[in-house]
Amino acid sequence: MDAFALARPSRRSILAGTAALIAMPSVLRAQTRELVVGGAAGHKPWVEQIVVPAFEKKYNCKVIFEGTRSLVNLEKMQKNKDRQYMSVVQMDDPVMILAVKEGLLDPLTPAKAPNMADLLPGSTHMDGMWANYLQPWLGIAYNKTAVKAPPVSWAELFDATYKGRVIIPSLQNTEGLPILFAAGLLTGASLDAAQKDTDVGFKKLATLKANLLTIYTQQPQAYNLLEQGEAHLIGPAMSSYCLERKAAGAPIDLAAPKEGVFAMPSGIAVIKGAPQPELAFAYVNELLGAELQGKLAGPTFSLATNKAVPKPEGLGADVKIFQIDWANVAAQRNDWIKRWDRDMAI
């Protein structure tokens, strides 16, 4: 009798082995594929309540979501470059650019993520290194008791009616950058021109100083002032933060100026050298699909990037959505902040 015959299991041994596996579910759990995703701490509730159950069921796997900040995720990727343990990252676009420069991302392709073909223009960046799956939008937040009619233009931030009642974010905050571009738009510049030559924007912003109550780096303090009525307007204001406060009962709302609103960056990418790469690309593909984005746009108060998903409530079909050139931001931001600190001190 040869070795293969000796090694061939009997029917009795197979049944015994099956019974042993049933008796020891830990063995099965140990064999379950795991996908580790790094993202923002604030995303943890909807990722774990909406995304994870659907993905785990469809792909028969386990998803572990590590919620932190984009820069912390970047540090993890850098430290583990030779042996990554995370497979996917959900990070802000400016941090994605840094990850690309360090060769930390594996490009997305339509073959690996077919839903890329259904994304709105401007949703995929740097030859597919990452894509946007959801985008909070920036408008003007206002206290509904103090401001009876919703603001209709970015110009209202500059209106003398609001002297000492306006709050804006610092340029150190990602959501603060578009105030510079909005100021440029009000001078008649195109968005492209306002981003590349910010001199007109800075000169326009200087005329806003009389209206400023404060410039914030921390959102909670700013919104406390708005909700108490000490501030009347915050702009730019992020939909995912402002509308969540509104939903919780705060007397505030968010207006979309007639010039347009700005889309904020929420990127998703596969890490180069990731464990479970096929599962990683599948996760990205699901986040780019209409089914999941349709479920997420409402709870996250964000714009979907899939063409098949309508704009959220509060944004008319004709509202223009500005996409920011984040590569340009990365190249010039340090210089802008230096000028900001010099020109906008109050």
Side-chain angles (χ1 to χ4, degrees), residues 39-40 43 46-47 50-51 54 70 88-97 100 105 107-139 174-175 177-178 181-182 185 190-195 236-240 243 254-270 281-330:
H43 293 176
W46 59 260
V47 170
I50 300 174
V51 178
S70 291
V88 177
V89 279
Q90 296 171 212
M91 305 193 301
D92 290 344
D93 288 24
V95 183
M96 287 289 193
I97 292 170
V100 172
L105 302 182
L108 306 176
T109 66
K112 294 179 179 179
N115 286 327
M116 288 177 68
D118 299 324
L119 299 182
L120 293 166
S123 301
T124 305
H125 306 277
M126 298 182 78
D127 298 322
M129 297 306 292
W130 79 92
N132 296 129
Y133 59 98
L134 288 173
Q135 295 179 314
W137 56 276
L138 293 177
T174 302
E175 76 273 16
L177 290 159
F181 311 143
L185 289 173
S190 67
L191 177 65
D192 186 59
Q195 290 186 89
M238 194 178 302
S239 61
S240 56
L243 295 178
L254 186 63
K258 64 182 181 181
E259 296 85 4
V261 301
F262 293 88
M264 281 287 91
S266 289
I268 189 166
V270 173
F281 281 105
Y283 182 92
V284 171
N285 190 55
E286 293 295 328
L287 263 293
L288 300 182
E291 183 177 356
L292 261 183
Q293 288 195 17
K295 293 177 180 178
L296 293 171
T300 62
F301 305 102
S302 298
L303 299 162
T305 58
N306 191 292
K307 298 173 186 176
V309 182
K311 290 178 181 176
E313 186 178 349
L315 277 183
D318 58 343
V319 172
K320 190 169 185 177
I321 298 170
F322 295 120
Q323 298 288 346
I324 295 169
D325 182 350
W326 293 105
N328 176 63
V329 168

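Bear in mind that the values here come from a model prediction, so they are computed numbers and not experimental data.
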Rounded to the nearest 0.5 angstrom, the CD1-NZ distance for I50 and K295 is 8.5 Å
Derivation of the side chain to side chain contact (heavy atoms under 4.5 Å, CB included) call for I324 and F262:
CA-CA 7 Å; I324 295 169; F262 293 88; 4.1 Å; yes
Do L254 and F301 have side-chain heavy atoms sitting under 4.5 Å apart?
no
So do the side chains of W130 and V89 get within less than 4.5 Å of each other, counting heavy atoms only?
no
At what distance, to the nearest 0.5 angstrom, does CD1 of I268 lie from CG of L287?
4.0 Å
Side chains of W326 and V95, heavy atoms from C-beta outward: is any pair under 4.5 Å?
no
Is there side-chain contact between I321 and K311, with heavy atoms separated by less than 4.5 Å?
yes
Heavy-atom pair with the smallest gap, counting every atom of S190 and L185
C-CD2, 3.9 Å
Salt bridge (Lys or Arg N to Asp or Glu O under 4.0 Å) partners of E286, counting only residues at least two apart
K58
Tell me, which pairs form a side chain to side chain donor-acceptor pair (under 3.5 Å) where one or both residues lie in residues 113-125, sequence neighbours left out?
D93-H125, N115-N285, H125-N132
Say whether, by atom type as modelled, one donor and one acceptor occur between the side chain of S239 and the main chain of W137 under 3.5 angstrom.
yes
Scan for side chain to side chain donor-acceptor pair (under 3.5 Å) pairs involving residues 296-306, sequence neighbours excluded, and state none if there are none.
Q293-T305, T300-S302
If you measure from CG on L120 to CG on L303, what distance do you get to the nearest 0.5 Å?
9.0 Å
Let me confirm one number: the CG-CZ distance from L288 to F281, rounded to the nearest 0.5 Å.
11.5 Å
Any chance you could measure L134, atom CG, to H43, atom NE2, to the nearest 0.5 Å?
8.0 Å
Are side-chain heavy atoms of Q90 and Y133 found at a separation under 4.5 Å?
yes
Taking all non-hydrogen atoms of both residues, which atom of Q323 and which atom of L191 are closest, and how far apart?
O-CD2, 3.7 Å
Exercise: identify the closest heavy-atom pair between V261 and A256:
CG1-CB, 3.6 Å
Working to the nearest 0.5 angstrom, can you tell me the gap between T109 OG1 and M116 CE?
7.0 Å
As a quick check of understanding, evaluate side chain to side chain contact (heavy atoms under 4.5 Å, CB included) for V51 and Y283, giving each step before the final call.
CA-CA 9 Å; V51 178; Y283 182 92; 3.8 Å; yes
Evaluate F181 against D325 for side chain to side chain contact (heavy atoms under 4.5 Å, CB included), listing each step before the verdict.
CA-CA 11 Å; F181 311 143; D325 182 350; over 6 Å; no
In sequence, state the C-alpha distance, the side-chain angles, and the governing distance for E175 and M264, and then conclude on side chain to side chain contact (heavy atoms under 4.5 Å, CB included).
CA-CA 7 Å; E175 76 273 16; M264 281 287 91; 4.2 Å; yes
